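Since the structure comes first, as structure tokens, the remarks are kept for the end.
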Amino acid sequence: MAADGPETVAIASGQVPVCWRRSARARRISMRIDARSGHVILTLPPRARREDALALLRSHSAWVAASLARMPQAPRWHDGGEVLIDGRPHLIRHCPDARRGVWIEDDVVHVSGDAAFLVRRLSAFLREEARVRLGAALAALARQAGLRPTRLSIRDTRSRWGSCTADGAIMLCWRLVMAPPPVQHYVMAHELAHLRHMNHGPDFWMLVDRLTPHRRAAETWLRREGGALLRDMQE
């Protein structure tokens with residue numbers, strides 16, 4: 001049932017984009033709002049009827065409308081717009097005739113090439129910036145704390161800023177490079193603490209607080225501002 005793109009469905013509050021999913025593990029029809037795309041995700045068990053899922057959607061029309069209205073606006077990347085790097089706004093300047101890829105000068109991000117590829121080029125540039133900047137910061141914090149992650153991967157995740165596996169591998173979302181450094185520091189401390197405590201118990205949080213002074217402020221920032229960075233970028 002999964003489609004290539006969202007289907008527009010009419011409900012009492014207006015038109016909403018809906019993505020359909022079938023799941024062998026689902027025991028009932030469920031509905032959620034995807035934080036990154038702003039689409040309504042309807043997940044159905046293998047034998048569930050589409051009509052029943054639509055009935056669920058329409059019976060929660062007010063909730064859907066309120067949830068979509070609360071979602072932060074996706075960043076818009078275009079010539080003359082702004083992109084956040086380390087929490088600071090940088091002007092985007094399109095340079096169609098340049099042959100330097102993407103580069104930063106004096107808080108201006110220059111993007112060469114065809115304007116149609118500006119978002120793609122800027123995303124790739126920020127992924128590499130995340131690999132370099134976050135990689136160096138994580139290594140420094142790990143050395144300071146006496147912790148040894150086995151490896152670091154930079155990915156594009158839909159809902160998590162980071163993760164840590166039982167074998168010590170840490171993942172960070174590349175979009176974290178757009179957040180202020182104290183927020184980055186907290187997320188890295190959080191994942192490093194999982195190297196000793198693969199849970200969220202009292203000992204885990206005590207270690208997080210020892211590793212970073214930014215926990216409370218960072219959690220507040222992520223609740224208020226983080227959702228916008230997880231949205232799909234627009235031109």
Side-chain angles (χ1 to χ4, degrees), residues 32-37 70-75 77 82-90 102-104 106-107 109 122-233:
R32 65 179 178 86
I33 308 296
D34 183 71
R36 188 163 143 184
S37 66
R70 286 196 301 268
M71 291 193 67
Q73 292 297 310
W77 291 350
E82 290 183 340
V83 58
L84 293 176
I85 301 177
D86 287 342
R88 290 175 28 243
H90 288 61
V102 182
W103 71 99
I104 301 176
D106 300 325
D107 287 344
V109 180
L122 188 48
S123 295
F125 173 78
L126 289 181
R127 285 172 186 255
E128 180 60 18
E129 286 294 294
R131 187 187 68 79
V132 174
R133 296 178 187 228
L134 300 181
L138 181 74
L141 183 56
R143 284 195 302 270
Q144 177 184 340
L147 298 169
R148 296 186 178 218
T150 56
R151 64 184 180 276
L152 169 67
S153 60
I154 301 295
R155 299 181 186 172
D156 191 10
T157 50
R158 290 187 174 272
S159 59
R160 293 184 301 172
W161 293 105
S163 65
C164 179
T165 64
D167 66 353
I170 288 179
M171 181 280 298
L172 296 175
C173 176
W174 70 264
R175 296 162 189 262
L176 190 62
V177 78
M178 294 185 280
V183 176
Q184 299 171 8
H185 194 269
Y186 161 69
V187 172
M188 289 184 284
H190 185 115
E191 302 311 332
L192 284 170
H194 279 310
L195 294 174
R196 289 186 181 167
H197 306 287
M198 289 299 294
N199 55 57
H200 289 97
D203 290 340
F204 167 81
W205 289 114
M206 286 178 61
L207 179 55
V208 171
D209 288 336
R210 286 202 298 270
L211 294 178
T212 180
H214 307 299
R215 176 186 167 192
R216 301 301 181 187
E219 289 175 337
T220 299
W221 190 95
L222 288 170
R223 281 195 304 271
R224 293 177 179 174
E225 311 292 341
L229 301 189
L230 292 173
R231 297 291 305 275
D232 290 325
M233 280 55 181

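A quick note: this is a predicted structure, and the numbers were derived from the prediction, not measured.
- Distance check, rounded to the nearest 0.5 Å: CD of Glu129 to CD1 of Ile85 gives 6.5 Å.
- Here the straight-line distance linking atom CG of Leu211 with atom CD of Glu191 works out to 11.5 Å at 0.5 Å rounding.
- Shown here for Asp203 and His197, the closest heavy-atom pair between the two residues is CB-CE1, 3.6 Å.
- With a 4.5 Å cut-off on side-chain heavy atoms, Leu152 and Arg131 do not count as touching.
- Val187 and Gly162 get closest at one heavy-atom pair: CG1-N, 4.5 Å.
- Judged as a side chain to side chain contact (heavy atoms under 4.5 Å, CB included), and not counting sequence neighbours, the contacts of Pro149 are Ala142, Ile170, Leu192, Leu195.
- Under the 3.5 Å distance criterion, the side-chain polar atoms of Arg175 are matched with a main-chain donor or acceptor of Leu229.
- Atom CZ of residue Arg143 and atom CG of residue Leu138 lie 10.0 Å apart, to the nearest 0.5 angstrom.
- Of the possible donor and acceptor atoms, one in the side chain of Thr150 sits under 3.5 Å from a partner among the backbone N and O of Asp167.
- In this structure, the separation between NE2 on His185 and CG on Leu176 is 12.0 Å, given to the nearest 0.5 Å.
- Here the side chains of Val177 and Ile154 are not in contact, with every heavy-atom distance at 4.5 Å or above.
- Considering CZ of Arg133 and CG of Leu172, their distance stands at 15.0 Å, rounded to 0.5 Å.
- Using modelled atom types, one side-chain atom of Trp205 and one backbone atom of His200 make a donor-acceptor pair closer than 3.5 Å.
- The minimum heavy-atom distance linking Ala189 with Thr212 is given by the pair CB-CG2, 3.7 Å.
- Shortest non-hydrogen contact noted between His194 and Asn199 is CE1-O, 3.2 Å.
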Item to complete: Would you sort out whether Val109 and Trp77 count as a side chain to side chain contact (heavy atoms under 4.5 Å, CB included), showing the intermediate values?
Response: CA-CA 11 Å; Val109 180; Trp77 291 350; over 6 Å; no

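- Glu225 CD to Leu230 CG: the interatomic distance, rounded to the nearest 0.5 Å, is 12.0 Å.
- Using a 4.5 Å heavy-atom threshold, the side chains of Glu219 and Leu222 count as separate.
- The side-chain heavy atoms of Leu134 and Trp174, taken from C-beta on, include no pair separated by under 4.5 Å.
- A pairwise comparison of heavy atoms in Glu82 and Pro89 identifies OE1-CB, 3.5 Å as the closest pair.
- Trp161 places none of its side-chain heavy atoms less than 4.5 Å from the side chain of Val183.
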Practice prompt. Please report the C-alpha distance between Asp86 and Gln184 in whole Å, then the side-chain angles of each, then the deciding distance to 0.1 Å, and finally whether the side chain to side chain contact (heavy atoms under 4.5 Å, CB included) criterion is met.
Written response: CA-CA 8 Å; Asp86 287 342; Gln184 299 171 8; 3.0 Å; yes

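- When side chains are defined from C-beta on, Phe125 does not count as touching Val83, because their heavy atoms never get closer than 4.5 Å.
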Worksheet item: Can His190 and Phe204 be said to form a side chain to side chain contact (heavy atoms under 4.5 Å, CB included), step by step?
Response: CA-CA 9 Å; His190 185 115; Phe204 167 81; 3.5 Å; yes

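- Atom CE of Met206 has 12 or fewer heavy atoms from other residues, nucleotides or ligands within 6.0 Å.
- Between Arg196 and Gly146, the shortest heavy-atom distance links the atoms NH2-O, 4.1 Å.
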